[in-house]
Q: 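Provided herewith is a single structure, encoded as structure tokens, for subsequent inquiry.
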Number of protein chains: 2
Amino acid sequence: MKDLVSRCPIEEVMQVLSGRWPTLLIYYLQEGTKRFSELQRDNPTVSHRMLTLELRKLEQAGIVQRTVFEGYPLRVEYDLTQAGMKLVPLIDALGDWWMATDDTRADMTEEKV
Amino acid sequence: MKDLVSRCPIEEVMQVLSGRWPTLLIYYLQEGTKRFSELQRDNPTVSHRMLTLELRKLEQAGIVQRTVFEGYPLRVEYDLTQAGMKLVPLIDALGDWWMATDDTRADMTEEKV
DNA sequence: CTAGGGTTACAAAAAAGTGCGTAATTTACT
DNA sequence: AGTAAATTACGCACTTTTTTGTAACCCTAG
């Protein structure tokens, strides 16, 4: 992520949501408060490092709230913020659009015989 | 883009829309039919390689229609498909959300003094 | 020594940029 | 008239940049 001085809101929001993890994390956080390790379990293929990086990015973007509970072992909880929750239906709408346009699309899943 | 066998529509749609160019290209194509070179002019920083790759991806995803007019110099036109046009308001909604949540966000644009 | 939630340095992989080549016709120059 | 150059939309190979993964280390109470 370089400049983020794009003047175009769509470009900016896509900079946050682009990639494999952001929408997935939002999806899982939609289920409720989650701890770091729960998110790891929800998504076994994300590396430890990516998970921290992406959560930080979402936090900076005001989508995710990070709460640290001091004490040992350390506990950190993640939730969607108000803004993050408002984003959920928009992302869902994209998923719905994708499913609805299934037929109009060259099948990208199989044709690699 | 590796497998795209994700079973999750959101993951799949994000695989198409992720990155800097897809939404931008959709935005410019929304203005009407464009030729390759026009899109290049609309967006001076995209390399011709990326432009071809991204347009092909959008074509495969059923978002963009590519029409070749034989003859020399070769002419190729790009438009949004019906499905592509339906996607536009969803992307706009993301932009609106981004602007609306401007205040709830750690300022990512300046703080690098 | 473990758990939890990291950070950091280094390495591998993926994505993006660069520049040359191509086609057939038109325009430009001499 | 003859040759050179430009045009359009790429493809291909190569290099650079960016992103992601790996592994090691940190901290502290129990």
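As the structure is a prediction and not an experimental result, all values here were calculated from the model. Residue numbers begin at 1 in each chain, while the letters A, B, ... track the order of the sequences.
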Q: Could you state the CG-P distance from B:Leu74 to C:dT26, rounded to the nearest angstrom?
A: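 B:Leu74 atom CG is separated from C:dT26 atom P by 15 Å.
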
Q: Is a salt bridge present between A:Glu54 and A:Lys57, judged by a nitrogen-to-oxygen distance below 4.0 Å?
A: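 Judged by the 4.0 Å cut-off on N to carboxylate O distance, A:Glu54 and A:Lys57 do form a salt bridge.
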
Q: Can you tell me how far C1' of D:dT18 sits from CD of A:Glu54, to the nearest Å?
A: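 Interatomic distance, CD of A:Glu54 to C1' of D:dT18: 13 Å.
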
Q: May I have the distance from A:Gln15 (atom CD) to D:dT18 (atom P), rounded to whole angstrom?
A: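 Between P of D:dT18 and CD of A:Gln15: 12 Å.
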
Q: Determine, using ring centers only, whether B:Phe36 and B:His48 are less than 6.0 Å apart.
A: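 Ring centroids of B:His48 and B:Phe36 are no less than 6.0 Å from each other.
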
Q: Please tell me which of A:Arg49 and A:Pro73 maps to the more 5' nucleotide of DNA chain D, matching each residue to the nucleotide holding its nearest heavy atom.
A: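 That would be A:Arg49.
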
Q: State whether the distance check finds a donor on one side and an acceptor on the other, under 3.5 Å, for side chain B:His48 versus base C:dG19.
A: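 Yes.
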
Q: Let me know the distance between CZ of A:Arg75 and P of D:dA29, rounded to the nearest Å.
A: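 In whole Å, D:dA29 P and A:Arg75 CZ are 17 Å from each other.
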
Q: Round to the nearest Å and state the distance from A:Arg20 atom CZ to D:dT19 atom C1'.
A: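 Going from A:Arg20 (CZ) to D:dT19 (C1'), I get 14 Å.
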
Q: For B:Met50 and C:dG19, what is the distance between atoms CE and C1' respectively, to the nearest whole Å?
A: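 Going from CE in B:Met50 over to C1' in C:dG19 covers 15 Å.
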
Q: Is B:Thr52 near enough to D:dA9 that one of its side-chain N or O atoms lies under 4.0 angstrom from OP1 or OP2?
A: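 Checking B:Thr52 against D:dA9: no side-chain N or O falls below 4.0 Å of OP1 or OP2.
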
Q: Using a cut-off of less than 4.0 Å, is there contact between a side-chain N or O of A:Arg56 and OP1 or OP2 of C:dG6?
A: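 Yes, A:Arg56 has a side-chain N/O under 4.0 Å of OP1/OP2 on C:dG6.
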
Q: With a 3.5 Å cut-off and no angle check, do the side chains of B:Arg105 and B:Thr101 form a donor-acceptor pair?
A: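 Side-chain D/A pair, B:Arg105 to B:Thr101: present.
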
Q: Take the protein atom CG of B:Leu55 and the nucleotide atom P of D:dA9, then report the distance between them rounded to whole Å.
A: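 Rounding to the nearest Å, CG of B:Leu55 and P of D:dA9 are 11 Å apart.
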
Q: Which whole-number value in Å describes the distance from B:Leu51 CG to D:dA9 C1'?
A: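 Result: 10 Å.
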
Q: Quick check: are there more than 12 heavy atoms from other residues, nucleotides or ligands sitting under 6.0 Å from OH of A:Tyr27?
A: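 No, the 6.0 Å shell around OH holds no more than 12 heavy atoms from other groups.
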
Q: Looking at the side chain of B:Tyr72, which of C:dA24, C:dG5, D:dA9 is the nearest nucleotide?
A: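 Minimum distance to the B:Tyr72 side chain belongs to C:dA24.
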
